[in-house]
Structure formats: structure tokens, C-alpha cells
Amino acid sequence: MLIAHSTSRLLPKSINQSIPKQEVILRNSNKHKLLEIVFKSLDNLISNFLDLPLHPIIDPSHVLSRYFAPVDELPPTACQVVEGSLPSCLNGSYIRNGPNPQFIPNGPYHLYDGDGMLHLIKISQGEATFCSRYVKTYKYLVEREMGSHIFPSVFASFNGFGASMARCVVALARGLAGQFNPLVHGLGAANTSVAQFGGRLFALSESDLPYEIKVTSTGDIVTLGRHYFQNIDHSLRMSAHPKVDPETGETFTFSYNINRPFLTFFRINPDGRIQATVPILSLEKSSMTHDFAVTENYAIFPDIQIIFSLKEIMRGRSPVIIDHNKVPRIGIISKYANDDSEMSWITVPGLNILHVANAWEEDGGDTVVMLASYAVSAEEAWENHDLTQFRMEKMVINMKSKTLERFPLSTKILEFGGVNPARAGQKTRYIYSAMLKTPEMSVGLVKLDLSINACDDCIVASRLYGPGCIGGEPIFVPNDPSNMDAEEDDGYLITYMHNENTNESTFLVMDAKSPSLETVAVVKLPQRVPSGFHGLFVPEDKLQQNTNVRVVYIYIYTHTHTLRCDFNRLA
């Protein structure tokens with residue numbers, strides 16, 4: 001099987017003509033088609049006879065219902081502005097990532113297993129174009145060739161001893177038969193977030209390296225390929241929440257693993273080269289660290305009760321478990337550390353942080369302030385989503401005494417907090433957050449003002465979407481990014497919203513200064529947008545930086561080996 005991803009202007013005309021839509025797939029031999037029939041039959045036997053009854057969290061009929069029901073790809077399609085008008089500062093592209101399986105498995109399925117799909121709205125001079133495209137990961141392409149979901153899942157595949165062992169044997173047999181090689185090519189779905197650094201755009205998930213993407217002039221999305229940087233250890237993966245230093249252009253990120261070192265902190269210079277990697281050897285168990293914070297001098301890592309334990313597989317259970325005996329901690333290390341010898345840990349009972357909205361330093365670095373959401377119950381956060389509750393807090397860390405104080409910001413269920421991106425890493429007054437019914441269902445937005453001394457309620461503006469309406473993570477876009485003296489909340493909140501009553505999805509633009517976050521513009525979208533995870537707004541001038549990157553990746557997948565030809569960056 002050969003798959004080529006390219007920018008069309010780089011390849012000779014004859015090659016361009018022979019690669020429709022930049023992809024060529026040479027079909028498998030009859031021998032391998034027969035093998036696939038056998039493997040599919042075994043998969044069905046495992047699902048129908050060996051699986052335990054499916055818990056709702058891994059039951060596709062539950063997980064993929066309503067707001068998370070998958071949709072097909074949609075090429076760039078013109079949209080209608082049905083209310084108000086689009087502000088000029090929105091000239092650019094809003095891209096939101098989320099899980100959208102191309103195949104619905106017969107057996108267990110977890111929300112995090114879905115293939116990454118990017119939903120993009122490109123705005124120019126008040127007009128909008130929308131498209132939805134899969135991230136063409138190795139996993140996606142192999143499964144598309146096979147015609148079914150075949151990659152094992154750390155979250156869903158282990159459902160009873162018999163089913164777990166049988167799935168391990170089938171996965172091993174598929175690997176020996178040359179159907180896939182995730183150890184070399186990764187198994188991530190790139191379904192969690194979107195980030196821009198080093199002049200490139202990436203779709204990310206923490207189970208793999210990032211996949212580079214490109215937005216075309218017509219508002220389409222092209223996957224350029226799995227990004228190996230220039231000098232990375234290919235066994236390293238990358239967080240879905242890298243932090244970019246606006247002053248230096250450096251990117252700070254990390255990778256967590258099921259084996260020692262359980263956490264590795266590293267940074268990437270503005271040219272995309274990996275700098276020092278710092279194994280965090282003081283971490284004693286594999287913690288599911290999803291996000292972290294970076295300030296002027298420090299990196300701050302949560303060590304939570306959700307961990308990985310491989311011995312659970314031998315019990316026929318998912319290796320992702322809750323360690324009830326573990327006390328959550330916060331780890332603090334210099335962001336330019338060469339090793340973890342000076343890393344400090346502060347135990348904070350009950351603080352299972354999922355997402356960080358912002359962090360900064362005060363008192364000359366003696367104090368670190370962090371704004372983050374945490375799960376009230378780690379067990380419910382992982383095992384019973386319908387009951388999960390998240391809270392938003394301000395956390396003040398005394399770097400001298402190595403103590404932490406917590407200040408609740410609201411009693412409402414809040415998650416996916418964000419700030420004005422121009423103030424990232426700096427002291428902020430406002431946070432914008434999704435108001436949740438469940439972790440996957442945002443029923444509204446709130447604006448919190450940290451200057452208010454009220455106990456447990458810093459909300460100064462809020463908006464409910466209405467019955468049957470579900471939105472997503474709010475993204476703040478400054479009204480005038482070049483004006484450094486502008487008020488912090490001078491801008492707009494954007495998100496996708498779906499109305500289940502009318503079965504219509506819209507792109508919402510709201511006034512961040514308004515007490516009711518009133519509507520500025522509504523764009524009717526040509527296709528439903530399922531609930532998803534994280535997104536990014538990229539102004540047109542910054543998008544052009546990404547457009548100028550000329551990269552060609554050619555992958556040749558056979559049933560015995562894979563070759564990767566990388567014609568790097570061309571001017």
C-alpha cells in the first residue's frame with residue numbers, strides 16, 4: 001500500500017495527475033484479503049461471545065449516540081451568516097478537533113478511540129467557508145485499507161480475561177502478518193487538540209507524535225504527515241497541550257509513558273529541533289498527566305490518581321485505573337532544568353487536575369499562581385462520566401515554603417477554561433469557561449473575574465445555550481491583537497453549537513465584554529458538528545506562515561515493512 005501526502009506544486013505534473021486527492025492506495029493481495037476475513041471473524045467471535053456486558057463508558061451505542069454520533073467528511077462549503085456580521089479580527093481560521101470514528105466497532109469502544117476529525121471555518125472579509133476532514137494518521141489509513149476498526153485500545157480492548165487475551169493474540173497475529181506496526185508508526189488518532197508552533201500547524205493526541213496539517217487557500221485541510229521533528233527519540237510521544245513562550249518562540253511540552261521514565265519534559269526551539277529532554281525520575285507511577293502549566297521560570301505538573309497499571313491487563317481489565325491510595329501532587333521544576341534533581345513535589349489531597357487555564361509568577365518568582373479545573377471525584381471522572389463534576393480554582397504556590405493554597409472560583413460545574421491568548425503566562429483577570437452538564441455536554445459559557453473577592457463565585461457574565469443545545473470550549477479572539485494597551489476582555493468568544501431540536505449546527509461569535517455574552521454573529525453550518533475537544537483560532541497572517549511550509553511525506557506501507565521518504569522543508 002502506498003500513500004503519498006504532498007503539496008501539489010512540489011511534485012512533477014505527471015505525478016500530481018497520478019495521485020488523485022494526493023493519495024494512491026495499492027490494494028492488498030488475495031492472500032492478505034483472506035487473512036483479513038479470518039481476523040474480522042475472530043474479532044466478531046470475541047465481541048459476541050467473550051466480552052463481558054459493556055459498561056456505558058465503552059458501549060458504542062451509548063458513547064456514539066446524540067452529540068457524539070460521527071459524521072462524514074465535508075469538502076469546503078460556503079456558509080450563510082444568518083445573524084449579525086463577522087468582525088474583521090476573525091479573518092483567519094477556527095479549527096476544532098475531536099473524536100469521530102470512521103468505523104463503528106462491533107465490540108467495546110471508548111470515546112478517546114475515535115479518529116481525529118478537524119472541523120474548520122475559514123473567514124475572509126465577512127464571508128465563511130466550512131469543512132470537516134479526518135486527520136490522515138497511520139491508524140486511520142491502515143483501518144481504511146482494511147475496511148474496519150482493527151487497532152487495539154488501551155481504554156476499551158480489555159473487557160474480561162478471555163476477551164482481553166484473545167484480543168492480544170489477534171493484535172499480535174495482525175502485526176506478524178504485516179497488517180500494522182504501531183511500534184514504528186504509532187497508534188495515535190490525533191483527535192484531541194490543535195496547536196501552532198515553529199510556523200506549523202499540528203493535530204495532536206498524547207498517545208503519539210503530532211501530525212502536521214495545512215489549511216489551503218480554499219479552506220480545505222490537508223494532512224502532511226506524522227511529524228518526527230529533527231532529532232527526536234521516536235519512542236517519545238507528545239502532550240496534546242504544548243505551551244509556546246510568546247517571548248522566545250520556544251515550545252514546552254512533555255510525554256508520559258507506562259514504563260520508566262513515566263514522564264519526560266522537553267522543549268522545542270523555534271526551528272522545530274528538540275532541545276534537552278528531562279526524564280522525571282521522581283515520578284513513581286505512570287500518571288495520566290493530560291495538561292501542565294508553564295510560567296516565566298517554571299513548569300508545573302499534576303500527578304493525579306488516574307494511573308496506568310499493566311498488571312490489570314492480566315486481570316482482563318483496562319490498565320487505566322484509579323489509585324485510591326495515592327495522594328495527588330503538584331510537581332514544580334525549572335523550565336530550563338537539565339535533570340529533575342531540583343524538582344519539588346507538593347501533596348494536595350483531592351486535586352486531580354485535568355486542564356490548566358493559565359499560570360504566572362508574582363513576587364519576583366517567589367509565588368506561582370495557577371488557574372485550573374479539577375475532577376471532584378477521580379473515579380467518576382474516569383468510570384462514570386454522567387456523574388462527573390469539575391470545579392475551577394485559583395491555586396497559589398509559595399515557592400519558598402513549598403505550600404499551596406486553593407481558592408474556589410465558582411460552585412458551578414466548569415471545564416475547558418481559557419484566557420486571552422495574548423496574556424498566556426501573564427497575570428490575568430478573566431477566565432472563560434464551558435459550563436457543563438456532563439464532561440461532554442457544554443450547556444453554556446461563563447466569564448470569571450479574578451479581581452472579585454466574593455467567596456466561591458467570581459462569575460460576572462454567563463450564557464445558557466437553551467434546551468437541546470450543546471456547545472464547546474470557548475476560544476477568546478482579541479479585537480485588536482496588535483494593541484498591547486487594549487483591555488483584557490476586548491474581544492470575542494467563539495465556539496461551535498449544535499441544536500438537537502432543529503438538527504442544525506452553528507458557529508457562534510459572542511461579545512466577551514457583555515454581561516450576557518450577547519451574540520455578535522451566527523453562521524449556519526452545512527453539516528452537524530459533533531461534540532469534541534480542543535480548538536485554535538489562527539489569524540490569516542499567522543496562517544500564511546504555515547502555508548509557506550512546503551513539505552512532502554511519502555509513505556510506502558507493505559505487509560513486511562514501511563519506508564518513509566521525507567523531502568523536508570523546501571523554500
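Remark: H241 NE2 to S193 OG distance equals 5.5 Å, nearest 0.5 Å. The line from CE of M117 to NE2 of H119 is 5.5 Å long, rounded to the nearest 0.5 Å. In this structure, F533 CZ and S205 OG are separated by 10.5 Å, a value rounded to the nearest 0.5 Å. The distance from atom CD1 of I413 to atom CE of M392, rounded to the nearest 0.5 Å, is 12.0 Å. In this structure, the separation between CG on D366 and CE on M399 is 8.5 Å, given to the nearest 0.5 Å. Between the OG atom in S373 and the CD1 atom in I353 there is a gap of 8.0 Å [rounded to 0.5 Å].
Nearest heavy-atom pair across R528 and P70 is NH2-O, 3.5 Å. Shown here for P530 and N100, the closest heavy-atom pair between the two residues is CG-OD1, 3.8 Å. Across all non-hydrogen atoms, the minimal contact from P152 to A171 is CG-CB, 4.3 Å. Of all the heavy atoms in K402 and S344, the pair that sits closest is CE-OG, 3.0 Å.
In summary, of the residues considered (Q275, R267, E250), a side-chain hydrogen bond (donor to acceptor under 3.5 Å, both in side chains) with Y336 occurs for E250 alone. Of the residues listed (D291, T251, T295), the one engaging K243 in a side-chain hydrogen bond (donor to acceptor under 3.5 Å, both in side chains) is D291, and it is the only one.
In this structure, D51 and R167 have side chains that are in contact, with non-hydrogen atoms separated by less than 4.5 Å. Taking the side chain as every heavy atom from C-beta outward, I321 and I307 approach each other to under 4.5 Å. Side-chain contact check for I333 versus Y298: every heavy-atom pair is 4.5 Å or farther apart. Within the 4.5 Å cutoff, side-chain heavy atoms of I322 are placed close to those of I306. In this structure the side chain of I431 reaches within 4.5 angstrom of the side chain of L409, judged on heavy atoms. In this structure the side chain of F266 never reaches within 4.5 angstrom of the side chain of F252, judged on heavy atoms. At a threshold of 4.5 Å between non-hydrogen side-chain atoms, the residues T495 and M510 count as touching. You'll find the side chain of I104 stays beyond 4.5 Å of the side chain of Y109, heavy atoms only.
Remark: R315 is not positioned above the aromatic ring of F158, lacking an NZ or CZ atom under 6.0 angstrom from the ring centre and at most 45 degrees off the axis. With Y430 as the aromatic partner, K447 meets the cation-pi criteria of under 6.0 angstrom to the ring centre and within 45 degrees of the ring axis.
Between F197 and F202, the ring center distance clears the sub-6.0 Å criterion. Annotation: F292 is in aromatic contact with F301 [ring centroid separation under 6.0 Å]. Taking the six-membered ring for Trp and the full ring otherwise, F265 and F254 have centroids separated by 6.0 Å or more. In this structure, H534 has its ring center closer than 6.0 angstrom to the ring center of F416.
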Residue pair Y374, R406: steps toward the side-chain contact (heavy atoms from CB on, under 4.5 Å) verdict: CA-CA 12 Å; Y374 73 99; R406 301 169 61 179; 3.5 Å; yes
Please evaluate residues Y140 and Q102 with respect to the criterion side-chain contact (heavy atoms from CB on, under 4.5 Å), reporting the C-alpha separation (whole Å), side-chain torsions for both, the decisive distance (0.1 Å), and the verdict. CA-CA 8 Å; Y140 170 87; Q102 62 172 324; 3.2 Å; yes
Between I121 and Y496, is a side-chain contact (heavy atoms from CB on, under 4.5 Å) present by the stated rule, with each step listed? CA-CA 10 Å; I121 184 164; Y496 291 132; 3.6 Å; yes
Stepwise, does the side chain to side chain donor-acceptor pair (under 3.5 Å) test hold for E415 with H355? CA-CA 8 Å; E415 243 282 53; H355 290 107; 2.9 Å; yes
Would T428 and N358 satisfy side chain to side chain donor-acceptor pair (under 3.5 Å), going step by step from the backbone distance to the final call? CA-CA 8 Å; T428 6; N358 198 19; 2.6 Å; yes
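The residues D490 and K513 are annotated as not salt-bridged, no charged nitrogen and carboxylate oxygen being separated by less than 4.0 angstrom. With respect to D303 and K285, no salt bridge is recorded, no charged nitrogen being found less than 4.0 Å from a carboxylate O. The pair E488-R429 does not count as a salt bridge, with every side-chain nitrogen at least 4.0 angstrom from each carboxylate oxygen. The existence of a salt bridge linking R66 and E500 is confirmed by a sub-4.0 Å separation between a basic side-chain nitrogen and an acidic carboxylate oxygen.
Other residues, nucleotides and ligands contribute only 12 or fewer heavy atoms inside 6.0 Å of the CD atom of E487.
One N or O on the side chain of D113 and one on the backbone of H110 form a donor-acceptor pair closer than 3.5 Å. Under the 3.5 Å distance criterion, the side-chain polar atoms of S462 are left unmatched by any main-chain donor or acceptor of V446. A donor-acceptor pair under 3.5 Å links the side-chain atoms of N501 to the main chain of P467, judged by distance alone.
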